[in-house]
Each structure stands twice: as C-alpha cells, then as structure tokens.
Amino acid sequence: MTHTSLPFPDGFLWGASTAAHQIEGNNVNSDWWRKEHDPAAGIHEPSLDACDSYHRWEQDMDLLAHLGFTDYRFSVEWARVEPAPGAFSRAEIAHYRRMVDGALARGLRPMVTLHHFTVPQWFEDRGGWTADGAVELFARYVEHCAPIIADGVRHVCTINEPNMIAVMAGLAKRGEQGFPPAGLPFPDEETTHAVIAAHHAAVKAVRAANPDIQVGWTIANQVYQALPGAEEVTAAYRHPREDVFIEAARGDDFLGVQSYTRTKIGPDGPVPAPQDAERTLTQWEYYPAAVGHALRHTADVIGRDMPLIVTENGIATGDDSRRVDYYTGALAAVAAAIEDGIDVRGYLAWSALDNYEWGSYAATFGLIAVDRVTFERTPRPSAAWLGGLGRTRELPRDAS
Ligand code: BGC
C-alpha cells in the first residue's frame, strides 16, 4: 500500500485526551455526581467508579507511552482540589502533581485542563458561573493549581468547551438537563459572558504561575455547513455557539479545536443527516472530515497566526475498524489543513479510555477498552496503530 507522510512540524503533540469526571470515579463532591443520583435529572446511568483512574492513572500512562503517544491531556478536578469554599486540599494538589511528574517520567508531556464540565457542588449551590464572584472564585482555584502546573507543564487548557457549558446552562434554564445533542440549542448569554471572563482571569493566573506555559481554551466545533441559500442563516446560527468563544481566545498562546461530526443548516435551522447516513454510537453522523473543517473555520475566525491544537477528535463505535477508518480520514484532513498553511501544532485523540459519556457508558470512544467490573485495560488495535503513527508518520494514501 502507498503511504503519505504526515506533514507534522517538529514538536507536534501526539496524544490522547481524558477528563477527570469521566475516568477517575467517585467524584462525589461534584455537581454531576449529585445530578447523576437525582431521579428528576433523568440521567440514564451514574458514573460511580468510572475507570477508577484516580487510582490507576499510572497504568493508563504506562499504556499510552508504550503505545507510542508523546502527549497526554488530563484534567484536574476542582471539586477535589477545593471541596469546600476556600478549603484547598494539599493532598489532592499533591495527587495531581504526582500525575504531572508521572507523565514526565514516562516521556509523556502533560497537557493539563483545569476545568472539564464539572464544578464543586458548593459552587453550583451559590448560583454557578453567573453568580456574583464566580469568576474570582475560579481564578482563586486556578491560582491554587500553581504547584501542579508551574514546573514541567507546557500546555494548560483553562476551560473545556465553554460553548457547551453555555449551551448546557441554556438547557438547564429551560428545565432540561444533560449533555446536549449535536447542532446545539441556544447558549445562555449570561453564562457565555461569565465563562469568557473566567477564562481571561484564569489565563492571568496561569501566566503568573509560570509565564512559559502555553495557555488556551478548547472549543467544541460543530462544523456547521450551510445548505444552498442558507449561508447567512448558518453564519448567524454559528456565531453565538462558536465564534464568540473563538474570538475570546485572542491573546492566548494556542486554541484547542474539538470536533466529531457536522451539522447541516438550512433556512430554518439544523437539518438532520439522512436516515441512511452512517451514525456512530452517539448517533452523530460518521464524518471524519469534520476536524479539517473545524481547523479551517477556527483559523478563519481567529487568524492564521494563532497556533491550533486538535485537543479532541474521535468516534464512539463498537467496531474498532471504523475507528481506524475515522482517524485515517481525520488525519488526512489535518494533513491537508497543514499543507494549506494552517498552523496545527498537535493532535490528541478522544479518548484514551472507554469513559463515562455524561450519562452513560454505552458510547465507547476509547482507544483502550476498560472492563466495567475489573477495570482491566485492553488496548484496541486502533490504539497501537494510532500510537505508532507518531513514530512512522505514514498514513495510507487512499485515506479520504
Ligand atoms: C467533551 C467530552 C466528551 C466528548 C464526546 C466533548 O464534547 O469534551 O467530555 O466526552 O465530547 O462526547
């Protein structure tokens, strides 16, 4: 088979991503844990032990390093670090510092996310992001994360998918809960302003910890595609859900791009994919080219001088050969974007492990399968293949 060399620049980040609540287990002080045990919230399945990565993180890192990855994105759990307002746990800070050291010792560069969807219950109880003082409280938490990130961490993400946070806040205000469907309902504007302010405050706190850290945030990109005649409707639809958050990254060191599928927009809004379109376990349309569109759109909005990192991209499937095909198509799209001059500095797959998908374990995104009872980890063939690409950088040429 003929191959094409992936045009990755030196120092390219090559890794996999996770998030604390989705893999650690027993994140009992978080808002999500409470929701998961509230029948009114209608959450299908609670996270419980998740992948028990709180105890098994060394094994996770061993596997990732062994598979050939050079970068690992994981998150720090605010609900553990600050279990009560102003009470910071030295032991939990030391735990996350050990993870940073453990990654470095294995040759994995840690990318640390400081907030990935969950907040402490006390923060939610006082009104969440839009309450008075919320931004200052987040900044104070970030300041207390200095011992975790100040030394040896090159990349820090302040807030994961702020646009999804604003969308989920909008849903909650309308009495709905949970993880929103692709396409996305309208985001709550007050939350949008609050998370942007929180991000800017967090960037300052991270730079105060160490000015050499590359700091940014990561945006969920829906790859809105206009049907003929719906170009203006699409731009108007996209702006509050995506572009506002991309624009707020001006002045950051990098911008994280996360995408999974596309959403077509017609004159009346989102148009579902045809009945016979291939769908993944999240019911999203199988569309590996999404990440290429996401990178190009992000560069168009923020400008080509902003370094971009694909901080999440992947597929929930029970058929690992579809996972390989998905990543093959996605990486071809990343390569084409780089060849067209877009400054892409890294690619981190979602996800390292079969994790808690915000309400259920059914949608398996993992490069590594996790037994729900024994927590045994089994890398899928896609994991060795993708990890190995970091070394060979040779992608099958018929990728599309
Ligand atoms: C989130 C992850 C989630 C993934 C797949 C992203 O929106 O950052 O937490 O698991 O998509 O649904």
Side-chain angles (χ1 to χ4, degrees), residues 15-25 27 30-33 35-36 43-45 47 50-51 53 72-78 111-119 157-171 178-185 187 195 199 216-224 241-242 245-246 255-263 279-288 290-291 294 298 309-318 323 326-327 330 347-368 370:
S17 294
T18 59
H21 186 75
Q22 294 180 268
I23 63 165
E24 285 183 344
N27 186 17
S30 68
D31 62 331
W32 260 84
W33 182 272
K35 278 199 251 296
E36 291 164 19
I43 288 180
H44 178 66
E45 200 179 358
S47 56
C51 304
S53 287
Y72 180 40
R73 172 175 175 234
F74 59 89
S75 75
V76 171
E77 185 57 52
W78 185 4
M111 175 186 269
V112 177
T113 305
L114 298 172
H115 180 276
H116 196 122
F117 289 154
T118 44
V119 294
C157 310
T158 58
I159 300 176
N160 179 70
E161 296 191 347
N163 49 337
M164 298 296 272
I165 296 174
V167 164
M168 287 189 270
L171 276 179
F179 202 60
L184 302 189
V195 289
H199 169 62
W217 66 352
T218 61
I219 310 301
N221 193 299
Q222 304 301 313
V223 184
Y224 294 114
R241 290 169 175 81
E242 221 162 85
F245 298 89
I246 296 173
L255 183 46
V257 175
Q258 315 201 148
S259 78
Y260 293 88
T261 187
R262 66 173 162 186
T263 305
R279 285 169 198 277
T280 68
L281 290 175
T282 43
Q283 297 309 313
W284 301 340
E285 183 189 359
Y286 174 88
Y287 188 62
V291 65
T298 306
I309 299 176
V310 177
T311 39
E312 285 184 25
N313 181 228
I315 174 174
T317 177
R323 186 174 284 106
Y326 183 93
Y327 282 122
Y347 182 90
L348 292 102
W350 185 271
S351 181
L353 305 171
D354 281 346
N355 59 20
Y356 182 63
E357 255 307 307
W358 308 109
S360 160
Y361 282 102
T364 42
F365 275 95
L367 292 165
I368 301 169
V370 179

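None of these values were measured; they are calculated from a predicted model. For ligands, and for the atoms within them, numbers begin at 1 and follow the listed sequence.
- Contacts of Tyr286 classified as ring pair (Phe, Tyr, Trp, His ring centres under 6.0 Å), with partners at least two apart in sequence or in another chain: Tyr326.
- Partners of Ala16 under the side chain to side chain contact (heavy atoms under 4.5 Å, CB included) rule, at least two apart in sequence or in another chain, are Leu64, Ala352, Leu367.
- Listed by chain and number, Gln22, His116, Phe117, Asn160, Glu161, Phe179, Gln258, Tyr260, Trp284, Glu312, Trp350, Glu357, Trp358, Phe365 each place a non-hydrogen atom less than 4.0 angstrom from ligand 1.
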Verdict with supporting geometry, Asn163 and Glu161, side chain to side chain contact (heavy atoms under 4.5 Å, CB included): CA-CA 5 Å; Asn163 49 337; Glu161 296 191 347; 4.0 Å; yes
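- Evaluated for a side chain to side chain donor-acceptor pair (under 3.5 Å) with Glu312, the options Trp350, Tyr347, Tyr260 yield exactly one hit, Tyr260.
- A donor-acceptor contact shorter than 3.5 Å is absent between the side chain of Asp31 and the backbone of Thr118.
- Residues passing the side chain to side chain contact (heavy atoms under 4.5 Å, CB included) test with Ser47 are His21, Trp33, Glu36, Tyr356, Tyr361, sequence neighbours excluded.
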